[in-house]
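Here the structure is laid out as structure tokens; the discussion comes afterwards.
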Amino acid sequence: MTANNVKITPALVAEHGLKPDEYQRILDLIGREPTLTELGIFSAMWNEHCSYKSSKVHLRGLPTKASWVIQGPGENAGVIDIGDGQACVFKMESHNHPSYIEPYQGAATGVGGILRDVFTMGARPIACLNALSFGAPEHPKTRHLVSGVVAGVGGYGNSFGVPTVGGSVRFHSRYDGNILVNAMAVGLAETSKIFYAAASGVGMPIVYLGSKTGRDGIHGASMASAEFDDDSAEKRPTVQVGDPFSEKLLLEACLEIMEKGCVIAIQDMGAAGLTSSATEMGAKGDLGVTLDLDKVPCREEGMTAYEMMLSESQERMLMVLKPEKEAEAEAIFRKWGLDFAVVGETTPTKRFIVRHKGEVMADLPIKELGDSAPEYKRPFVTAQKLPAIDAGAVEARGSIADALERLIATPDLCSKRWVWEQYDHIIGGNTVQRPGGDAAIVRVEDGPKALAMTTDVTPRYCEANPFEGGKQAVAECWRNLTAVGAKPLAITDNLNFGNPERPEIMGQFVGCVRGIAEACKVLDFPVVSGNVSLYNETNGKAILPTPSIGGIGLIDDFTKSATLAFKKADEAILVVGETAGWLGQSMYLREICAREEGAPPPVDLIEERENGDFVRSLILDGTATAVHDLSDGGLLIALAEMAMAGSIGAKLDAPPDDIPAHAYWFGEDQARYIITVPAAKAEAVLARAREASVLVTSIGVTGGDALALDGERAMTVANLNERSEAWLPAYMAGEA
Amino acid sequence: MKAAILVFPGINRERDMARTLKLVSGSTPNMVWHTDHELPAGTDLVVVPGGFSYGDYLRCGAIAARSPIMDAVRAFAAKGGLVLGVCNGFQILCESGLLPGALMRNAQLKFICRDVHLKVERSDTPFTRGYNAGQVIRVPVAHGEGNYIADGETIAKLEGDGRVIFRYASADGMIEPNSNHNGAINAIAGIVNEQGNVLGMMPHPENHVEEAIGRTDGRGLFAGLTEALGRAA
Amino acid sequence: MFPAPRHDSYGKPHLMKARVTVTLKTGILDPQGKAIEGALRSLGVDGVASVRQGKVFDIELEGADPKKAEVLLKEAADRLLANTVIENYRVEVVG
Amino acid sequence: MFPAPRHDSYGKPHLMKARVTVTLKTGILDPQGKAIEGALRSLGVDGVASVRQGKVFDIELEGADPKKAEVLLKEAADRLLANTVIENYRVEVVG
Ligand SMILES: Nc1ncnc2c1ncn2[C@@H]1O[C@H](COP(=O)(O)OP(=O)(O)O)[C@@H](O)[C@H]1O
Ligand SMILES: [Mg+2]
């Protein structure tokens, strides 16, 4: 019995996540009731994940162009020109829900998916990053999730053989039931050898490559219903398991056949596997596609067309081959031990036709499958602006030294060494700056050119004021790239939010996207790829709005890049940018005063740009000896980090009279950096700053083995270091 | 030097190794595919690089150790040819019987990537002539299963014959548990076979050969080999 | 890292032996099994149609009540030894 | 990488099932077992005196002769599945 001619009931439609009006749209489009396979195809193509139906209209507002942008959003990954005929290919993507269900495999396959997006375009991956958000440390599931996710990210990347060089880890109770696992991959290609998804030419062979298809990740709601199969156990939605070994072989095989000129178009099978990859290749090329499922390599017996079309088995690709190169390509895949099967061809009809066992299981208009997906202008409300908190009205709790020692050991501010030591961050021999700095730096081949990369967002700011928070996320990313001496080039954004059907969540989304757009425009920092993950909520409790920003910057000569470690005693410590003592939404307010309140610090993008350009010029001409951007925890946290990295202390001047000490040391005003310069150059730098209309203030000198503040006990660097390093390992061992 | 780097499916540090050999010795190594039955004529050094051959499935190095090319490597070693195995390469050499013992999961059960200090126990081997005996070098490790074990008799023989070449140590050369990140017996990081021509080690000297990228402590090994092979020729 | 055992396990009179076997659920991809299958074929070991890899835990338990032991082991399997999202397990008290 | 299977394994009339169990030799330190011991204790699972971790391979074989199968499996275990430097194995043909 073929399962295809099941009666499509409203319940079945609902189980496929399609609304009644969306189903009506399908009926209007094809003029008849869909088959079961067709219904599955529509549900896969029209779900939020693939169709961007709630977000599309807002994403159009993002700036995506610049002279160095080769490919903006719309392909597997973004592509930017980095000179000398070389391109950087990168994207970030979420694997949130799978990672909550099965942390190791969820995170691992997240990394696998994003790597595939990058090498599908002809790029060899040179680095990975990740942005992880976990629930409160005391939540009973958190430790298990951290352990599994970190092992999974490492497990995949280490085995695949790409250095994982950066990322971020945060903890907040709002992620208790919905953790976020955002993975970013960065690759290198020749500008003349970028591969795209659009098919061309009629009658071209469509080839299936990689691992076999199983029943992995077939959601289709509780499709177990006996309506189309008695063997309900076999229908159970299953977890995808990653196979980094096969992916490494797939990478080498793909790059080899690309090099040999066999490929017309290529598309990885990610979400909605065969369905979305095949329709995308056809639709983008204005062609039809016919698939013959009897040819699809399957791992399990008796797979139906429905299952094959919806399977999310990993490590697979679809390719349109030059027919004359078929034998050569096949030999290469066989050499690597991978499956290679011609499963279809391009047609002039613009229909998507799926055959199985001699029957037509689906026959749909290919363009409309994507283009006619519903698009919503969901109602949204903009949250009321929170009042700015007057620093003078925030009572200091304990001494500055006490606060620093506590803050440096909090889950969000402590050292994340426990995490990144589980990632091979040096493979490739090109990691110039390892994890732990402002941005990682990876040399491009033999140099001297290098790429800087980072991921950033401050969710508590985004919640308090989505527009400012969106701006801040981009600004902080830009600042981190600048702080190592890079020229920021472009970003990928991974927008994680709650349920868009709730106007207040949609309001957060819209606000953040507008903030991101604004910052990208002013900073000349376009969006070239990204991903949207909605519905991150449980029982009406949404995550903090978390638009992770992954940025790439270019360094012409990596030997001229900067690090945050203090280098020598007796150097002048300067702050670039204005310190006003903004405590609203600060770490000090949250961790020391137990208040998550107030407006977040405003971001003046012009000032960001001017201050950043000034700092970069000091790095490039060799004046700045250490550089660190200011963010979470403010001035004193940043100074402590510079001191710990260099094992050198500092003697610091007293705060100005008009700012309360705790606001001065822990306020989170934006657009700021700390730099050190040789004492003899300090005057000249201050003069240069005045000339450039950039505010630079001298705040102390490096030296000694402690941070020394007037009227405070000395905070030894060794003690700070111990506290910063201790929390995470102790927590993971069940001791904190 | 005429080096051959073995390439198994899933190996991933072969490029790092090739670049380092080229950088230090000046000559480009041959990349040799696992299904080959012979080494290129004139090969004077076989390098089994790091990575995850066959995904490290079953046991690290187990499947690669049974590849056709390994018969050629065994024959080459039996005739006194120099063989260097790093990380997964060390695991492969143990699995193939060219070196004794086995590499188990790290004591903490986690993959660890960090710089470690190694005490170079001997400088009178072709692999370590670029160092002084007792010298401490700093090189990275990146592995989940580097915890060296062997039965008591084997360990006694290794120690008695002076075949432990590298040990995990503190920065000042002390052998103490805190510096033994993976829990290896006697802090063993690298050993040679009885004839002294096959070396296996877990750390990655090939990743510390350029000042600009970190440090150059790993260079001595390749410089020493270059010199040894140069003289022999 | 872990609390020390409450008692020294040597010389205890009643150490029961048990085995927990953990295997992958049907349909879950087993990359290891797949690689081993291929390797056996390359080695010329003929006639192997499929391989799936699992784990065994050989556990010694204090006490002498097999019923109690089984309950304990089920708990251990559910909470730690097996990942029940992708794995099945079986408990046997051997004696 | 791997030669393709000689025959399609599906629909074969005689697929025998077998299990190879590989365990660490006594005296060989088992870091995983050790860690699991500790973890079980931290979870409050009481009475666990020791844990040793091993592997099982569930293998489907072509043919119908259990004697032959056993020989085959021993060969597979000796040559690949077990590292006899540190591991023992046991072969069972289940049917
Ligand atoms: N937040 C975003 N900002 C910019 N581009 C986005 C965003 N989200 C998705 N995109 C782009 O939309 C396209 C589809 O994304 P996605 O479905 O994640 O791709 P894939 O199917 O390759 O994983 C990609 O080109 C991606 O870069
Ligand atoms: Mg993609």
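Within every chain, numbering begins at 1; the chains are lettered A, B, ... in the order of the sequence lines, protein sequences first and strands thereafter.
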Excluding sequence neighbours, so at least two apart, what forms side chain to side chain donor-acceptor pair (under 3.5 Å) with Ser277(A)?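 For Ser277(A), no residue satisfies side chain to side chain donor-acceptor pair (under 3.5 Å) once neighbours in sequence are set aside.
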Of the non-hydrogen atoms in Ser211(A) and Lys34(C), which two are nearest, and what is the gap between them?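 Reported closest heavy-atom pair: OG-NZ, 3.9 Å.
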Closest contact, heavy atoms only, Pro31(C) versus Gly242(A):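 That would be CG-O, 3.8 Å.
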Drop me the distance from [X]'s [atom1] to [Y]'s [atom2], to the nearest 0.5 angstrom.
X	Y	atom1	atom2	result
Leu29(C)	Gln240(A)	CG	CD	10.5 Å
Ile28(C)	Arg215(A)	CD1	CZ	12.0 Å
Glu102(A)	Ile86(C)	CD	CD1	5.0 Å

Pairs of donor and acceptor atoms involving the side chains of residues 88-95 of chain C, under 3.5 Å and at least two apart or interchain, shall be tabulated with distances.
| residue | atom | partner | partner atom | Å |
| --- | --- | --- | --- | --- |
| Tyr89(C) | OH | Asp78(C) | OD1 | 3.2 |
| Tyr89(C) | OH | Asp78(C) | OD2 | 3.1 |
| Arg90(C) | NH2 | Glu92(C) | OE2 | 3.4 |

If I measure from the heavy atoms of chain C, does Ser246(A) come under 4.5 Å with its side chain, its backbone, both, or neither?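 Contact with chain C: side chain only.
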Just wondering, are more than 12 heavy atoms of other shown residues or ligands nearer than 6.0 Å to NE2 in His97(A)?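 No, because the 6.0 Å sphere around NE2 of His97(A) holds 12 heavy atoms or fewer from other groups.
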